Asker: 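Okay, here's the structure, questions in a sec.
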Amino acid sequence: MHPTLLPRPFHHDGWVYEEKVDGYRMVAIKAGGAVRLVSRNGRDHTRRFPELVKALGGLKPKTFTLDGEVAVFDRDLISRFEWLRGRPKDEPATLPVYWT
């Protein structure tokens, strides 16, 4: 779950990569009706992002595990990590938060 920073994008057969988004790396786990968001160090962030829990809970599969990034973007679609970081850990988000 740790990205590798390179000076510029590369293209090699068989390789796929994604643009780096500044956010929190999370795993979303849905089992039945319950959804949990867990960071790479095992901390539960479910209460912190209720809008994501609701959106993920509304997806059709009854069970899944998704690896992704929780991020907030400005009007220019640039991810702003500091907008996530400045909130207390258990306080729900007040800005639109996205799963990428």
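Each residue takes its place number in the sequence, starting with 1. Treat the numbers as computed from the prediction; the structure is a model and nothing was measured.
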Asker: Can you tell me how far the CD atom of Glu51 sits from the CG atom of Leu56, to the nearest 0.5 Å?
Answerer: 10.0 Å

Asker: What's the spacing between Leu66 CG and Leu59 CG if we round to 0.5 Å?
Answerer: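 Between atom CG of Leu66 and atom CG of Leu59 there are 7.5 Å.
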
Asker: Once you round to the nearest 0.5 Å, how far does CD1 of Ile29 lie from CG of Leu37?
Answerer: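 Separation between the atoms: 8.5 Å.
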
Asker: I need the Arg48 CZ to Leu84 CG distance, nearest 0.5 Å.
Answerer: 6.5 Å

Asker: Report, as yes or no, whether the 6.0 Å neighbourhood of atom CZ on Arg80 holds more than 12 heavy atoms from other residues, nucleotides or ligands.
Answerer: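 Yes, because the 6.0 Å sphere around CZ of Arg80 holds more than 12 heavy atoms from other groups.
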
Asker: Do the side chain of Asp76 and the main chain of Ile78 share a donor and acceptor less than 3.5 angstrom apart?
Answerer: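 Answer holds: no.
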
Asker: Could you report the tightest heavy-atom contact between Ala71 and Val21, atom names first, then the distance?
Answerer: CB-CG1, 3.4 Å

Asker: List the atom of Val35, the atom of Thr46, and the distance in Å for their closest heavy-atom pair.
Answerer: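 Scanning both residues completely, I find the closest heavy atoms to be O-CG2, 3.4 Å.
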
Asker: Classify the ring geometry between Phe49 and Tyr24 as parallel (under 30°), tilted (30 to 60°) or perpendicular (over 60°).
Answerer: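 Geometry flag for Tyr24 against Phe49: tilted rings.
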
Asker: Hey, could you give me the CZ/CE distance between Arg36 and Met26, rounded to the nearest 0.5 Å?
Answerer: 11.5 Å

Asker: Less than 4.5 Å apart, any side-chain heavy atom of Asp67 and any of Arg25?
Answerer: yes

